[in-house]
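Here the structure is laid out as structure tokens; the discussion comes afterwards.
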Amino acid sequence: MRLLLVEDNVALADDLCAGLKQLGYAVDWLVDGRDAAVQGAVEPYDLIILDLGLPGKSGMEVLQEWRANQITTPVLILTARSSWSERVDGLKAGADDYLTKPFHQEELFLRVQALLRRSHGFSNQTKIQVADLQLDEERQVAVQQGKEIILTAAEFSLLRYFMLHAGKLLSKGHLEEHLYAGELEPDSNVLEVHVSHLRRKLGKSCIETRRGQGYLFTGAPE
């Protein structure tokens with residue numbers, strides 16, 4: 001999952017980027033509202049974390065611009081403002097959730113996970129489940145038919161994306177853009193290797209290959 005963090009507090013941003021990457025997210029970081037307005041509109045982010053007090057252009061202006069241009073990416077706003085009216089204004093402008101500074105990182109991480117699940121139809125679940133396969137985001141393990149399956153960080157990130165998009169045909173380019181922020185070499189086989197590892201652990205039929213098109217996750221075992 002590819003996230004955009006827009007935050008001008010360098011120390012906070014460094015900590016958040018490190019924590020989010022440990023949870024398996026690919027993270028881009030910007031500090032200026034003007035840059036965020038452009039990048040958030042053209043890059044395929046799965047979620048954006050947006051501070052309201054930004055240089056160049058305020059987070060509220062950026063959010064309003066995105067929504068006016070039909071950018072529907074889930075947005076979690078961060079604000080140092082405690083006024084309830086300002087939080088309401090943010091939600092009215094199109095934010096999906098907000099968090100008031102100072103906050104515990106764990107709360108932000110849980111809100112990010114919840115927003116991503118909700119945006120893909122898993123609103124009433126604390127874990128992601130497809131067929132008999134369940135993914136525990138907190139422990140980064142999968143459970144299939146009662147058996148716990150240990151995943152590497154890369155396998156967890158890929159499986160989470162597949163499960164949130166179960167039944168959808170995903171091209172190799174799409175997956176690389178969302179999971180690796182387009183940083184892989186053009187001839188890299190990293191994605192194919194991780195798909196192969198998941199098939200070995202979960203069953204060959206859980207991920208179908210559509211020749212020349214991409215991958216389709218079904219969650220079905222052998």
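Below, each value reflects all heavy atoms present in this structure, side chains not excepted, and no hydrogens, waters or symmetry copies.
- Cluster annotation: Y25 and L5 are assigned to the same hydrophobic cluster (Ile/Leu/Val/Met/Phe/Trp/Tyr, side-chain heavy-atom contacts under 4.5 Å, transitive).
- Atoms CG and CG, from L158 and L151 in turn, are 10.0 Å apart once rounded to the nearest 0.5 Å.
- One distance of note links CD1 of I150 with CD of E155; it measures 10.5 Å at 0.5 Å rounding.
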Under the side-chain contact (heavy atoms from CB on, under 4.5 Å) criterion, do L133 and M163 qualify, and how do the steps go? CA-CA 9 Å; L133 182 65; M163 292 181 71; 4.0 Å; yes
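- With sequence neighbours left out, E61 forms a salt bridge (charged side-chain N to carboxylate O under 4.0 Å, His left out) with no residue at all.
- Distance check, rounded to the nearest 0.5 Å: CD of Q145 to CG of L202 gives 10.5 Å.
- Heavy atoms of other residues, nucleotides or ligands lying less than 6.0 angstrom from CD of E138 number 12 at most.
- Side-chain contact between V62 and V6 is absent, with no heavy-atom pair separated by less than 4.5 Å.
- Taking 4.5 Å as the limit, some side-chain heavy atom of L12 sits within range of a side-chain heavy atom of K101.
- For the ring-ring contact (aromatic ring centres under 6.0 Å, His included) condition, the pairs that include at least one residue of residues 126-162, sequence neighbours left out, are Y161-H165, Y161-H174, Y161-H178, F162-F217.
- Clustering ILVMFWY residues whenever any of their side-chain heavy atoms sit less than 4.5 angstrom apart, transitively, puts L23 in the very cluster that holds L164.
- Cluster annotation: I71 and L52 are assigned to the same hydrophobic cluster (Ile/Leu/Val/Met/Phe/Trp/Tyr, side-chain heavy-atom contacts under 4.5 Å, transitive).
- Follow the hydrophobic side-chain contacts under 4.5 Å out from Y98 and you never reach L108; the two are in separate clusters.
- Under the 4.5 Å side-chain heavy-atom criterion for ILVMFWY residues, no single connected hydrophobic cluster contains both L175 and L169.
- Using modelled atom types, no side-chain atom of D132 and backbone atom of Q144 make a donor-acceptor pair closer than 3.5 Å.
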Decide yes or no on side-chain contact (heavy atoms from CB on, under 4.5 Å) for L50 and W66, but give the supporting numbers first. CA-CA 12 Å; L50 177 68; W66 285 337; 4.0 Å; yes
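- The CD atom of Q105 sits 9.0 Å away from atom CD of Q22, with the distance rounded to the nearest 0.5 Å.
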For a side-chain contact (heavy atoms from CB on, under 4.5 Å) check, start with the C-alpha distance between E177 and E43, then their side-chain angles and the critical distance, and finish with the verdict. CA-CA 9 Å; E177 188 70 29; E43 294 293 329; 3.4 Å; yes
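- Note that CG of D14 and CG of N9 are 9.0 Å apart. Values are rounded to the nearest 0.5 Å.
- A salt bridge is absent between R117 and D96: the closest approach of a Lys/Arg side-chain nitrogen to an acidic carboxylate oxygen does not fall below 4.0 angstrom.
- Note that CD of Q213 is 11.0 Å distant from CD of E208, once rounded to the nearest 0.5 Å.
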